[in-house]
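What follows is a short report on a single structure.
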Amino acid sequence: MPGEVYNIASGQAITLEGVQAKLETLIGIHPVRERDTAEVRTDARAYHVGDAAKLRAATGWAPRRSVDDALRDVIDAQAD
């Protein structure tokens, strides 16, 4: 519907640390992680989960690719 806002999301939660861990595995690196506690927001949510129910109801859309597939594409695009 024109003018409406739709989320495109898998509906599966993943933290930024989870994305980082997946990238490290896909690239084949294992850096030592250090956390700067001065930069940690204690009031922040640990993760956000996108809800594509509105898009699914309007179009029947469903995700066909995994996070790993999307991250592989990003890695491959950077290699070119």
Side-chain angles (χ1 to χ4, degrees):
M1 182 66 82
E4 289 291 317
V5 176
Y6 298 90
N7 289 327
I8 300 173
S10 69
Q12 297 178 344
I14 185 166
T15 63
L16 287 176
E17 288 174 343
V19 172
Q20 180 179 352
K22 286 179 177 290
L23 283 169
E24 290 169 1
T25 298
L26 292 169
I27 295 170
I29 62 170
H30 304 288
V32 175
R33 296 184 189 187
E34 295 180 9
R35 183 179 299 242
D36 183 349
T37 56
E39 297 294 324
V40 175
R41 288 181 43 206
T42 57
D43 62 334
R45 292 184 185 187
Y47 57 86
H48 296 272
V49 179
D51 181 2
K54 183 177 174 182
L55 178 62
R56 191 170 28 260
T59 66
W61 177 87
R64 294 186 302 228
R65 303 179 65 221
S66 69
V67 171
D68 286 351
D69 291 338
L71 292 175
R72 274 190 209 95
D73 285 350
V74 170
I75 293 166
D76 291 345
Q78 295 302 311
D80 291 339

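The side-chain contact (heavy atoms from CB on, under 4.5 Å) test applied to A13 returns Y47, V49, not counting sequence neighbours. Considering only residues two or more places apart in sequence or on other chains, Q12 meets the side-chain contact (heavy atoms from CB on, under 4.5 Å) condition with S10. R72 is linked by a side-chain hydrogen bond (donor to acceptor under 3.5 Å, both in side chains) to D69, counting only residues two or more places apart in sequence or in another chain. Remark: D68 pairs with K22 by the side-chain hydrogen bond (donor to acceptor under 3.5 Å, both in side chains) rule, at least two apart or across chains. Applying the side-chain contact (heavy atoms from CB on, under 4.5 Å) rule to L16 yields no partners; only residues at least two apart in sequence or on another chain are considered. Listed by chain and number, the residues in a side-chain hydrogen bond (donor to acceptor under 3.5 Å, both in side chains) with R64 amount to none (sequence neighbours excluded).
With side-chain heavy atoms closer than 4.5 Å counting as contact, directly or through intermediates, the hydrophobic cluster containing V19 also holds I14, L23, L26, I27, I29, V67, L71, I75. With a 4.5 Å cut-off between side-chain heavy atoms of Ile, Leu, Val, Met, Phe, Trp and Tyr, the cluster of I8 takes in M1, Y6, L55, W61.
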Side-chain donor/acceptor pairs under 3.5 Å, residues 34-43, sequence neighbours excluded:
residue, atom, partner, partner atom, Å
R35, NH2, E17, OE2, 2.4
D36, OD1, A38, N, 3.0

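Shortest non-hydrogen contact noted between A9 and P63 is O-CG, 4.3 Å. The shortest heavy-atom contact between E24 and P31 is OE2-CG, 3.4 Å.
The salt bridge (Lys or Arg N to Asp or Glu O under 4.0 Å) pairs that include a residue from residues 46-60 are E4-K54, where partners are two or more places apart or lie in different chains.
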